[in-house]
Amino acid sequence: MSTPHLREGRLGWRIRLRRDRSLLIMVVPAIVLLVVFNYAPMFGLLTAFQYYDPLVGVWNSEWAGFDQFHQLFADPLFWGALNNTLYLSLVQLILFFPIPIALALLLNSVLSERVRNFIQSVVYLPHFFSWVLVITIFQQMLGGAGALNQFLRSHDLQPWDIMTNPDTFALLVTSQAVWKEAGWGVIVFLAALSAINPGLYEAAAVDGAGPFRRMWHITLPSLRGVIVLMLVLRLGGALSVGFEQFLIQRDAVGHETAEVLDTYAFYYGITTANYSLGAAAGLFKSVISLLLIWGANKLAHSFGEDGLYRK
């Protein structure tokens, strides 16, 4: 026989289910999308260990073991793409990651709500532009026939080669990413700033702390957990520097500079019908990304932060 405590527990579970049924129904579409677009495609990882033939399918393709990975690691183009990916990711981490934090601090210091909302709308807008449109705008501004070079020529000055210069490509793609995504990245930090107790600032002001000291001793420590979390997520996606952005500009600067792991898998996997090699490159990237996010989370724990999850 069930005890009264057990019966109360079952009754409480049924009450919570009836109470939260509408919320659970709302979550179902998100779960379905997650399964369909994130977990179901993982079945295709089997092709990384096969000589995959789309005519016979996954089940009837010849098993290759680790031959695809041997071919991958023996290809100097793969190591060149990996080197470019790591270098571009490092440049974007150094130059891009602090900008949303700085923008959030600046917006939080704007007293006029109307001005703050206008600035937020302006910096959010480029996030909704496609990479084709973003690169077209940069081409019209900085390209060989763009506004900048036309201005230089009209004043008998040497044109500035930016869009096709391999030496400045890392700065170019980073500036494109900053213009497109920095405003969107501000949202998380603004939400964290809104959760800070205003009484802390008032008490610090009474004690004679100026704006800089209040930011250093109150704002930044309050943001530290969010900053660490976003840094962990950023490191987890370090090898995904942007497929469309580099695919569009690859021919302009050459594959030696613009080839990354995603474009390598596309050009030497999909376009050559060597799907197994492309799958092997994608699996390699996923494993390394998982190790990076695990290591970054462990490092966050060593500094006393939660990271993605608590110990």
Side-chain angles (χ1 to χ4, degrees), residues 33-34 36-45 47-48 52 54 68-69 72 75-97 100 126-139 163-164 166 168-185 230 233-293:
L33 289 174
L34 184 67
V36 171
F37 291 102
N38 291 85
Y39 287 95
M42 293 178 67
F43 174 74
L45 293 176
T47 60
Y52 175 67
Q68 301 295 344
F69 293 94
L72 187 70
D75 188 357
L77 295 176
F78 167 76
W79 293 109
L82 178 61
N83 181 66
N84 290 338
T85 302
L86 293 175
Y87 171 69
L88 293 167
S89 179
L90 179 62
V91 171
Q92 292 191 12
L93 180 65
I94 296 173
L95 299 180
F96 176 83
F97 184 76
H127 169 76
F128 301 98
F129 296 166
S130 68
W131 275 114
V132 174
L133 180 57
V134 171
I135 295 170
T136 300
I137 293 174
F138 271 75
Q139 181 67 33
M163 298 298 293
T164 60
T168 59
F169 182 70
L171 297 178
L172 173 66
V173 295
T174 302
S175 62
Q176 292 169 351
V178 167
W179 185 73
K180 186 177 188 297
E181 299 294 350
W184 190 254
M230 299 305 293
L233 294 174
R234 177 69 182 178
L235 290 175
L239 299 185
S240 299
V241 289
F243 172 69
E244 295 180 17
Q245 182 186 12
F246 291 91
L247 181 69
I248 297 171
Q249 302 178 94
R250 179 178 180 269
D251 294 335
V253 297
H255 70 88
E256 297 87 355
T257 302
E259 193 80 275
V260 293
L261 289 178
D262 287 336
T263 58
Y264 174 88
F266 175 75
Y267 277 105
Y268 301 102
I270 296 177
T271 59
T272 61
N274 192 354
Y275 304 108
S276 295
L277 182 67
L283 180 58
F284 172 83
K285 189 190 81 167
S286 299
V287 171
I288 298 301
S289 298
L290 180 61
L291 293 176
L292 283 173
I293 200 169

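These figures come from a predicted structure and were not determined experimentally.
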Inset, instruction - Could you go through the side chain to side chain contact (heavy atoms under 4.5 Å, CB included) check for Asn84 and Tyr87 one step at a time? - result: CA-CA 5 Å; Asn84 290 338; Tyr87 171 69; 5.8 Å; no
Inset, instruction - Give the C-alpha distance, both sets of side-chain angles, the deciding distance and a yes or no for side chain to side chain contact (heavy atoms under 4.5 Å, CB included) between Trp179 and Phe138. - result: CA-CA 10 Å; Trp179 185 73; Phe138 271 75; 4.1 Å; yes
Legend entry - Qualifying salt bridge (Lys or Arg N to Asp or Glu O under 4.0 Å) pairs, either residue in residues 170-181, two or more places apart: none
Inset, instruction - Measure the spacing between CE of Met163 and CZ of Phe169 and express it to the nearest 0.5 Å. - result: 9.0 Å
Legend entry - Neighbour count above 12 (heavy atom, 6.0 Å) for Phe43 CZ: yes
Legend entry - Closest non-hydrogen atom pair between Gly278 and Ala265, with its separation: O-CB, 3.9 Å
Legend entry - Sub-4.5 Å side-chain heavy-atom contact between Asp262 and Lys285: yes
Legend entry - Intermediate values then yes/no, side chain to side chain contact (heavy atoms under 4.5 Å, CB included), Leu72 and Trp79: CA-CA 9 Å; Leu72 187 70; Trp79 293 109; over 6 Å; no
Inset, instruction - With sequence neighbours left out, write down each residue that passes ring pair (Phe, Tyr, Trp, His ring centres under 6.0 Å) with Phe37, or none if nothing qualifies. - result: none
Legend entry - Validation row: Leu239, Val260 side chains within 4.5 angstrom (heavy atoms): no
Legend entry - Point-to-point distance, once rounded to the nearest 0.5 Å, from CZ of Arg234 to CG of Leu292: 12.0 Å
Inset, instruction - Return the minimal non-hydrogen interatomic distance between Thr47 and Ser276, and the atom names on each side. - result: O-OG, 2.8 Å
Inset, instruction - Could you list the residues that satisfy side chain to side chain contact (heavy atoms under 4.5 Å, CB included) with Leu133, not counting sequence neighbours? - result: Phe129, Ser130, Ile137
Legend entry - side chain to side chain contact (heavy atoms under 4.5 Å, CB included) partners of Leu283, counting only residues at least two apart: Leu45, Ala48, Phe49, Phe69, Val287
Inset, instruction - Determine, using ring centers only, whether Phe128 and Trp184 are less than 6.0 Å apart. - result: yes
Legend entry - Atom of Leu172, atom of Ser175 and distance for their closest heavy-atom approach: O-OG, 2.6 Å
Inset, instruction - Evaluate the side-chain proximity of Tyr264 to Leu277: yes if any heavy-atom separation is below 4.5 Å, no if none is. - result: yes
Inset, instruction - Just jot down the side chain to side chain contact (heavy atoms under 4.5 Å, CB included) partners of Thr272, sequence neighbours excluded, or say none. - result: Asn274
Less than 3.5 Å apart, which donor and acceptor atoms pair up between the side chains of residues 245-255 and the rest of the protein, not counting sequence neighbours?
| from | atom 1 | to | atom 2 | distance (Å) |
| --- | --- | --- | --- | --- |
| Gln245 | NE2 | Val173 | O | 3.0 |
| Gln245 | NE2 | Gln176 | OE1 | 2.9 |
| Gln249 | OE1 | Gln176 | NE2 | 3.0 |
| Gln249 | NE2 | Gln176 | OE1 | 3.0 |
| Gln249 | NE2 | Gln245 | O | 3.1 |
| Arg250 | NE | Glu259 | OE1 | 3.1 |
| Arg250 | NE | Glu259 | OE2 | 3.2 |
| Arg250 | NH2 | Glu259 | OE2 | 2.8 |

Inset, instruction - Check whether any side-chain heavy atom of Leu235 lies under 4.5 Å from a side-chain heavy atom of Leu93, and answer yes or no. - result: yes
Inset, instruction - Could you tell me which non-hydrogen atom of Thr85 sits nearest to which non-hydrogen atom of Leu261, and how far apart they are? - result: OG1-N, 3.1 Å
Inset, instruction - Compute the centroid of each ring, for Tyr268 and then for Phe78, and state whether the two points are separated by less than 6.0 Å. - result: no
